[in-house]
2 protein chains.
Amino acid sequence: MSRTIRDGAHIEVARSAARLFLKKGVADTSGDEIAEAAGISKRTLWRYFRTKESCVEPLFALTSQRFATRLGNWPLDISVERFLEINYDFSKMEKQELEDSALVVHLIAGLEEEPALLEPWFMSTRMTEELMAGVIASRLDLSLKDFEVRLCAATVAAAMRIIDETVSRAAVKYGQVPTLAEINDRLAQAIRRASTLPFCDPVTPRPR
Amino acid sequence: MSRTIRDGAHIEVARSAARLFLKKGVADTSGDEIAEAAGISKRTLWRYFRTKESCVEPLFALTSQRFATRLGNWPLDISVERFLEINYDFSKMEKQELEDSALVVHLIAGLEEEPALLEPWFMSTRMTEELMAGVIASRLDLSLKDFEVRLCAATVAAAMRIIDETVSRAAVKYGQVPTLAEINDRLAQAIRRASTLPFCDPVTPRPR
DNA sequence: TCGCTATTGGCACTTAGTGTCATTATTGTG
DNA sequence: CACAATAATGACACTAAGTGCCAATAGCGA
């Protein structure tokens with residue numbers, strides 16, 4: 001029917017932005033430079049992203065946020081560990097995935113030195129929280145707005161954020177990126193640890 | 001020896017900013033307007049605050065963040081509930097405190113409609129988390145950087161944030177502000193619920 | 001191929017925010 | 001009280017982030 005934004009357009013800008021931020025810092029990277037590096041006009045850059053800092057949001061979305069998105073496919077009748085065991089092919093990542101992982105790990109590890117990036121990072125955590133609220137509400141047949149659901153989603157998302165931060169800092173410090181399996185394992189543990197509701201195990205659907 | 005910034009200067013700007021944000025929205029409030037309402041120059045406004053949105057941070061600091069600050073005075077040998085019971089005079093608030101509470105409640109209740117204020121709100125939660133990490137590390141004689149401390153502080157701070165949000169939305173919806181006692185009670189409960197470490201009860205100092 | 005629709009880029013513009021410097025106000029000391 | 005030292009303040013020029021507008025362009029389906 002009509003023209004659409006090219007697949008991958010946003011993530012490509014995010015990669016350019018991330019490289020520049022890591023190389024020269026956020027403050028010393030201009031919107032002009034990001035647009036040029038990404039091969040788009042400045043006007044389009046500001047259409048794609050609300051602020052300079054939020055240019056890296058697509059990369060932050062590859063963290064626990066993506067994990068939470070996948071939990072949207074979690075059947076009611078198995079535990080979180082079992083779901084991950086069955087569903088995740090931990091075979092070798094593509095080259096592009098490796099590069100994206102390295103970029104996001106370095107961004108997260110450097111958050112203390114770049115507080116300007118805390119906003120997009122928190123926006124990512126907030127999305128994780130919304131996604132987890134959906135998962136929890138669905139499994140326990142509760143409303144998305146239920147206080148207990150919101151509380152549980154918040155503690156779980158916070159725990160997942162700490163895992164991401166801890167793993168990223170260690171990766172940069174020790175020069176090695178943990179495997180996807182290891183990260184998923186830690187995230188699953190974090191979910192159990194931080195849960196204020198019993199949603200990690202198989203649940204029986206309630207008759208309607 | 002030399003001139004200092006007047007006590008209350010920041011909170012007064014925050015009040016002006018909050019009133020304007022609530023009245024006309026963040027986007028339609030200019031830095032000029034905030035500075036004028038606060039009786040300072042624009043140059044000084046930008047000395048006081050890093051961004052327009054962060055002008056309300058002093059008000060957000062009056063929430064669970066302040067509660068966490070007070071927990072810094074919590075003796076090792078009593079539980080969190082006991083500490084609050086002994087230490088908090090829930091007598092009538094001053095007029096200014098009431099006004100500040102109303103402002104911050106309305107800001108928090110309106111966060112869904114004003115995503116621009118999420119950044120200062122998250123910065124407040126982050127400070128709460130740092131404060132709680134200090135409390136937890138101190139009570140359990142662990143390092144501030146310990147993973148378990150960080151995890152526990154993150155889940156607790158997230159839970160406290162949810163309480164603040166829930167209470168604020170209810171207050172605006174039902175037109176009544178809960179008492180300070182009620183809020184403190186809920187925050188204490190949230191701390192217990194979300195804790196991944198046993199720091200809420202009396203602890204025995206370890207011999208050094 | 002064509003019509004429709006959304007995307008894009010160029011450009012003018014506004015606002016948020018920074019650098020600079022002279023002026024002003026606070027503070028401590030004699 | 002006077003004075004010196006110091007930091008805060010305001011005015012102004014400026015830059016960069018971000019917005020509005022409109023013509024040109026490109027993608028999509030029939």
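Note on naming: letters A, B, ... go to the chains in the order of the sequence lines (proteins, then strands), and numbering restarts at 1 for each one.
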*So which heavy atom on B:Ser16 is nearest to which on B:Ala37, and how close?*
OG-O, 3.6 Å
*Which whole-number value in Å describes the distance from B:Glu119 CD to C:dA16 P?*
16 Å
*In whole angstrom, what separates B:Asp7's CG from C:dT27's C1'?*
15 Å
*Counting just side-chain N and O atoms, does B:Ser2 come under 4.0 Å of either OP1 or OP2 of D:dA7?*
no
*Length of the CD1-C1' vector between A:Ile5 and C:dA6, whole Å*: 9 Å
*Given A:Arg186 and A:Glu182, is the salt bridge (Lys or Arg N to Asp or Glu O under 4.0 Å) satisfied, shown in steps?*
CA-CA 6 Å; A:Arg186 294 197 71 174; A:Glu182 285 164 347; over 6 Å; no
*asked:* Between the base of D:dG20 and the side chain of A:Arg43, is there a donor and acceptor pair under 3.5 angstrom?
replied: yes
_Rounded to whole Å, please give me the gap between NZ in B:Lys42 and P in D:dA11._
12 Å
*Quick one: label B:Tyr48 by what it contacts on the DNA or RNA (base, sugar-phosphate, nothing), any heavy atom closer than 4.0 Å.*
sugar-phosphate
*Find the distance A:Arg3:CZ to D:dG29:P and express it as a whole number of Å.*
15 Å
*Rounding to a whole Å, what distance do you find between A:Arg47:CZ and D:dC22:C1'?*
11 Å
*Compare every heavy atom of B:Ile136 with every heavy atom of B:Leu197, then report the nearest pair and how far apart it is.*
CD1-CG2, 3.9 Å
*side chain to side chain donor-acceptor pair (under 3.5 Å) partners of B:Thr51, counting only residues at least two apart*: B:Ser54
*Specify the residue among B:Ser30 and B:Thr4 whose closest nucleotide of DNA chain C lies further upstream toward the 5′ end.*
B:Ser30
*Got a salt bridge between A:Lys52 and A:Glu33, using NZ or NE/NH1/NH2 to carboxylate O under 4.0 Å?*
no
*Give the nucleotide from the list D:dG27, D:dT9, C:dT27 with an atom nearest to the side chain of B:Thr44.*
D:dT9
*Spacing between B:Lys52 atom NZ and C:dT18 atom C1', to the nearest angstrom*: 17 Å
*Let me know the distance between CH2 of B:Trp46 and P of C:dT15, rounded to the nearest Å.*
12 Å
*Classify the nucleic acid contact of A:Ser54 as base, sugar-phosphate or nothing, counting any heavy atom under 4.0 Å across all strands shown.*
nothing
